[in-house]
Amino acid sequence: MQFFFEALIGGLLSGVMYSLVALGFVLIYKASGVFNFAQGAMVFFAALTVVGFVGKGVPLPIAIVLAFGAMVLLGLATERFVLRKLVGQPPISLFMATIGLTFFIEGLAPMLWGDAVQPIELGIQDEPIPWLLERFDIVVSRFDLVASGIAAALVVVLAIFFQKTRIGRALRAVADDHQAALSIGIPLERIWAIVWAVAGFVALVAGLLWGSRNGVQFALTFTALKALPVLVLGGFDSVAGAIVGGLIIGASEKLAEIYLPPLMQAGFGGNFGGIEGWFPYVLALLFLLVRPEGLFGERHIDRV
Amino acid sequence: MTMRLNELQQVGDAVAETAGRKIGDVILSLEHISLAFGGVKALTDISFDVREGEIRAIIGPNGAGKSSMLNVINGVYHPQEGRIVFHGRERRAMEPHKAARQGIARTFQNIALFKGMSVLDNLMTGRVTKMHHGLFAHMLGFGPGRREELAHRQKVEEVIDFLEIQHIRKTPVGRLPYGLQKRVELGRALAAEPSLLLLDEPMAGMNVEEKEDMCRFILDVNDQMGTTIVLIEHDMGVVMDISDRVVVLDYGKKIGDGVPAEVKANPDVIKAYLGAGH
Amino acid sequence: MSNAQPAPATERYLSVNNIEVIYDHVILVLKGVSLEVPKGRIVALLGANGAGKSTTLKAISNLLGAERGDVTKGSIEFAGTRIDRLTPAELVRRGVIQVMEGRHCFGHLTIEENLLTGAFTRNGSRKQLADKLDKVYTYFPRLKQRRTSQAGYTSGGEQQMCAIGRALMAEPEMILLDEPSMGLAPQIVEEIFEIVRDLNQKEGVSFLLAEQNTMVALRYAHFGYILESGRVVMEGDAETLRNNEDVKEFYLGLSSTGRKSFRDVKHYRRRKRWL
Amino acid sequence: MKRIALAVAAAATLAVGSIGTAHAQAKEQFFPILSYRVGPYGANGQSLFGGMIDYLQYVNMKGGVNGVMMTWEECETEYNNAKGVECYERLKGKAGANSAPVFPLSTGISYALIDKSAADKIPLAMVGYGRTDAVDGSVFPFAFTMVGTYQMQATAIVKYLKDQNKGSLAGKKIAYMYHDSAYGKEPIVALEAEARVNKFELVQIPVAHPGNEQGAQWLKVRQERPDYVIFWGWGVMNQTALKAAQKVGFPREKMIGSWWAGSEEDTVPAGDAAKGYMSATWNVAGKDVPLVADIEKVVYGAGKGNLSDKSKLGSILYNRGVSYGVLAVEAIRKAQEKYGKGKTMSGEQIAWAMENLDLNDAKLKALGATGLLPPIKTSCEDHEGSGKIKLQQWDGTKWVVKTDWIDGNRQLVHPLFKASAAQFAKDKGITPRDCKKAM
Amino acid sequence: MLYREAGQFKASFAEDMQIFPIRQDRIAIGLLLAFAFFGIPLFASEYWFSAILIPFLIFALAALGLNILTGYCGQLSLGTAAFMAVGAYAAYNFQLRVEGIPILVSFVLAGFTAAAVGVLFGLPSLRIKGFYLAVATLAAQFFIVWVLTKFPWLSNNSSSGVISAQKIQILGFSFDTPVSKYLLVLGIVVVMALAAKNLARSGTGRAWMAVRDMDVAAQVIGIPLMHTKLTAFAVSSFYCGVAGALYAFCYLGSVEPDGFNLDLSFRILFMVIIGGVGTVLGSFLGAAFILLLPIFLDNTLLPTAHALGLPFSNATVSHIQFMVFGALIMFFLIVEPHGLARLWQITKEKLRLWPFPH
């Protein structure tokens, strides 16, 4: 039982890391209806920019600020040169454009900062908390706890931003209907620039945390793949969904990876581990069959 | 105000005229239909019937449940209570495509044409219930599948001629002006050669000229093909002129039913829908 | 019947001069349209579907871009300055706002949130915002009842009111109103037009109104233009238009003997004189 | 106008026509280099291909191989099989009949090129990766799984562990954690055999690609509490594993990686978590290898170095790249000895040389390559030629070699290759060569 | 002046409903096919066959498969590569396990196997739409590849999970040269493309498009949603499956499950989008573009950089290539969101109107 809880806690905590990436998707989807596949690449770009500056001798906090600046620039450029010209196009075109953007960033980031796999030291130990280990024999990483704290704080801030502020309201309006938003004088350009900047900030946070865990490298772009089932489960346009979805996916995939393969082995023989690649997706899929708009997603309002 | 009275007079005349047309037995009857969406009642205990060959109008304010009613008839919505008898067969829940196979066709309030397809293709989809060849016959590009296609094209061309839309045959419907789109949508429903035609605000957003055309088509369909028509319409002029009987709904309940003149004089109807001006 | 006083077109306010609009680089939709809206007036833009009414409005409010449309000729002026190259946001700030055909409320936002988004271009204090909301609610008491409902779940009439109310929140001087009556019950249509007239008289808002429903539109408008296939074929004050034989026959459905029944319409009819 | 520009751009793209003709002139030996410098493994590719190309440059600056100059062209594969094939076909066209060995440096691309290279008579060098049964030269005359195979490597690691435990692993538990692909699956068969022979318990823990999340796997390690973890990772999987091992408190000293999981690219980003971690290798790190020091002096001194980030010079993967260069160039030298000094060699001639390579310690010393390669002697029956590894340990700043050469379990492993190659021959309808006559 | 419909009158519906109703189109297609079958083999080099033409045809076939699902039926899928993998492994196993089975039969059976798997993963489409469905198809992508990795029987117990395609023989003739493989692939692709074109303009195609454009209306006029969507999944997967089999047998020769990764799915989706959603021609144009663009960049960027004297390293060039590729994708979407096929159509329309602008 103790082991089960350990797996559960570990899963929940790594789920938070997924949520962080998913959050960036949600922001952009919510505000512009764009399914931004480039979020993973943005995580990569943000983290690489931080280590790039650190490598040039800039202190970490300043490097983070500079990287945020770079993310804002990237967002502005994306808005200016891509999204603005695609207003009113079908969602799939926008989606494909973000895949194009992914390629672009994947080339740009290492060209600017090099390909080397680099560490970030945030000064948080990724080691078991001794007290828990001694008392309950449960491994819980201090780092994971801090990461969850940061994620939780981000979510609260974002939720308030979306629900209570003038800009937040405008963001949701734009998400609902570009044309109508335009017609009442909401400047799409500015709104999108803001959203991309915020999403860039979320990407930066995710990049720092993931990067300090796995090293800053190209593979950070794969974090997007971890975020997709979270999105499906939580609903594309729900900040809360991103968090809860992340927790569910994180916990269930860890438990599944530990407890399912032995069962399958008993059934078929052979070795059936490594199911983490598909399990979240299948879980999300099965879930969707019950609730097609995701856990917290807004029901599509459809009148015939 | 004088003009309005005058109008009423004429409506009365129009009703009288219909007496000469063949209106047969009840072919569709809806009995105690109730429909709710997640606790919100859309229709409450509604009963009415439709006779063969008649034009039956449904009127009522926005949100009264008129479109829901049509959706119940052709199976898009499944009522929680009540029963539907069509051509003597009873059903409550039915898939829309099966309703189509029983001879119910329909148009939509906000045009539901297939935007990416040409007028011709849109009309050809109307023939789907009458076509029998499958995937493999279609793949070949010759043989029985092709012959069937040609035979149905013939039918569709008749509809095209009837609606006078020959010139736009190959045009993608997305590019057509609204009025023509409405006409094409009617054509798609007609191509199915339905016994019961449901029209959801066929004249919404049209000017008088277009409405006149549309009325002519509806009346011709009704007269020449004997198709029974259930019609939702806001333009009281149209409703009073062309329908045989009218059902009035308000907030999901039936508040009136009868020939146009009756309905028009019904105080409940005036209060809920028509307003004092009419 | 006739409540609108024919007003002399004094001050040129909004003027559209000979504009041409092409969609997708190929399809010519407006073939030189000119019109004027004097200050404080309601002007109706009439015509069949596809005649170019919506396109004209969108050309003015500069919403064509998203539909791959382009104003290729002509100019548009408002209060003495050219506005053809302004962004929609800039136009709203200057007081020109469009209420789009088909309402376009933000379905997932509540009615009140919808209204609040309308004030986006107006930076005001909380108090001012609340006052403005109150004002909109006095014009549209129905909206107040439904302030917390998601707009997507409200009726068509309520949505239309919401869209107009939302535009009001931007403190407009001129509203471009596209097909307000579409798909609405007669009673609601009257209600909405009454409000339009109220706004015009009490708030001094000018309207350019694209409308199919000629009968209603000419009852409330001061002046009208009739558009066919991308051209203005007729213009005049409401009274004149109402009495024109062609308008009567083709737009009002009246024959010389009074209203004719839809049952009596024939497949053939006489040609319009203006063609 | 945009449309026209677009149409022109599209037309231009569709009309790619600049595919050159045969390239090889006298006195030049052309290397088709299928490299990857972008994508998830780009960082590794930079070092590997940098080392290899620097060595070719170095050879040229020293006067070539008997006057024959090395030329090369790179083609970016992005570690993608289909692109790899396209690159191969393109560069093959430029090489003509006189191609130096191709190093695809990806197991997937190697597999896709096996048939093609045999048909084209271009030697396919799969050094430390690729199709392992190509050790059997009778079935694979043009494919060379040189230096070591995964199976030999795995058995060598087992041998090391056995030595650590006074010659017996009985009753021990060893976890095998691997990238769930061809790369990670190859050694399983050898490890299972070893487990039977040495009576230890083998726990297999696959990691789904790309391996940037290993919480569950390491919890499993914590649950199973194995004595050792043999680790077969690549790319981001390596750093993640080190961090995750730290998180569950598994001692890094008991974690032994494959030679693709033992470079600075893996350990540096993991920071403290990597300290004590062991891995297999066949080349040492550092610039104290005479050859590497000389490359720095000669090539970089003249500003002709390939690395954009010079700090990688002397890293494990860079030095491994140099060892590739050494193997290829020595094969060319050997071929010239037989077929004519100072001439351009054909692929077939180089293949002969690769099959008859004999790089003993003395020769390596003469090249200044001591420590870069184990002694290698190949033959028709044995394209591997060595199967030896060393073990190294990360001390927090650099890799330190801990052992001398350790030999894999040839008696156990090579028959497996033989059987697999025979099956391949049967499937493809190939009649194996008679190795007795191959000389 | 050359491209004029004027004067071509259709006297019957049959004539009006030909596969290529305009005479110039018929001539052009005929010439193109003749050239592909007889002209190209005369002078194309081995490189062209092995690295460009064969993969182009195979990718075009896969793109066509995806286009049937996404373009015609409106169901976005990100799992194309997995269905190709099913085809590849199925064909391999049929060849391996059924004594004396003709290769073409194996290909067809591989297609059917993929179709069956496709139907299975298409079931969720009955409830899920849009991007939710797209992400759900990723389940197919990852799950299928995992299954192929995990059940050794599927790869004949090969230790690495890699399969090597058997030799191709039809009626005693060996297809082992690039030219013969090219002709085989060309033949299959042409037949299947024609079949797709026929499907698209028949009742089946109309039902797909109806579901795509407005599913409620489609149901109401009598199109059964489930049957139509699943047919689209089946046909689409069939095409992808055959493409996968050809990919293994005629292109790479040996494949591993990991080769059919998400990246490949995306590339094929790109082909569909760039080429043109809902057109057969677009699948070909898109495949050509996405396949050739990187090669083109590869061949031009480095020489250009050298010519301009820019001190670019190979790595930098590769990075720039990524960037240019991404940028061009965005550029194309901006300039012509409906793809190359639309561009072609507009050109034709302009030709028809020429010399008048409208």
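Lettering follows sequence order; numbering is per chain, from 1. All values reported here derive from a predicted model rather than from experimental measurement.
For A:A284, no part lies near chain E; criterion is any non-hydrogen pair under 4.5 Å. Heavy atoms of E:I144 lying under 4.5 Å from chain A are absent altogether. When heavy atoms are compared at a cutoff of 4.5 Å, A:L228 approaches chain E by way of both its backbone and its side chain. Using a 4.5 Å cut-off between heavy atoms, A:I275 touches chain E through backbone and side chain atoms alike. Proximity to chain E (any heavy atom under 4.5 Å) is restricted, for A:Y29, to the side chain, taken from C-beta onward. Residue E:L333 touches chain A through both its backbone and its side chain, counting heavy-atom pairs closer than 4.5 Å. Interface residue A:P91: backbone and side-chain heavy atoms are both found under 4.5 Å from chain E.
Using a 4.5 Å cut-off on side-chain heavy atoms (C-beta onward), E:T70 and A:I92 make contact. Looking only at side-chain heavy atoms (C-beta outward), E:I329 and A:I99 stay at 4.5 Å or farther from each other. Proximity of E:I334 to A:F81: side-chain heavy atoms (C-beta onward) are nowhere separated by under 4.5 Å. Contact annotation: the side chain of E:F270 approaches that of A:M96 to within less than 4.5 Å [non-hydrogen atoms, C-beta and beyond]. Side-chain contact between A:L285 and E:F143: absent, with no pair of heavy atoms (C-beta onward) separated by less than 4.5 Å. When side chains are defined from C-beta on, E:F151 counts as touching A:F272, because their heavy atoms get closer than 4.5 Å.
At least one donor-acceptor pair closer than 3.5 Å links the side chain of E:K150 to the backbone N or O of A:G273. At distances below 3.5 Å, at least one donor-acceptor pair connects side-chain atoms of E:Y132 with backbone N or O atoms of A:F236.
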Notebook entry, point to check: How far apart are the C-alpha atoms of A:L288 and E:R127, what are their side-chain angles, what is the distance that settles it, and do they pass the side-chain contact (heavy atoms from CB on, under 4.5 Å) test?
Noted result: CA-CA 8 Å; A:L288 278 186; E:R127 268 185 73 77; over 6 Å; no
Note to self: Working note: E:F142 + A:F279, criterion ring-ring contact (aromatic ring centres under 6.0 Å, His included); need CA distance, chi angles, decisive distance, verdict.
What the structure shows: CA-CA 9 Å; E:F142 293 119; A:F279 183 81; over 10 Å; no
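When each of E:M214, E:H319, E:Q141 is scored by its heavy-atom pairs under 4.5 Å with chain A, the top score falls to E:H319. Most heavy-atom pairs under 4.5 Å with chain E: of the set A:L231, A:L283, A:D115, this distinction falls to A:D115. Note on A:L108, A:L286, A:V282, A:L225: by heavy-atom pairs under 4.5 Å with chain E, the leading option is A:L108.
In this structure, A:F104 has its ring center at least 6.0 angstrom away from the ring center of E:F325. Aromatic ring centroids of A:F37 and E:F266 lie under 6.0 Å apart.
Of the inter-residue distances, the one linking A:S93 atom OG with E:M330 atom CE reads 14.0 Å to the nearest 0.5 angstrom. How far CE of A:M111 is from CD of E:Q321: 13.0 Å, rounded to the nearest 0.5 Å. With rounding to the nearest 0.5 Å, the separation of CG in E:L138 from CH2 in A:W278 is 14.5 Å.
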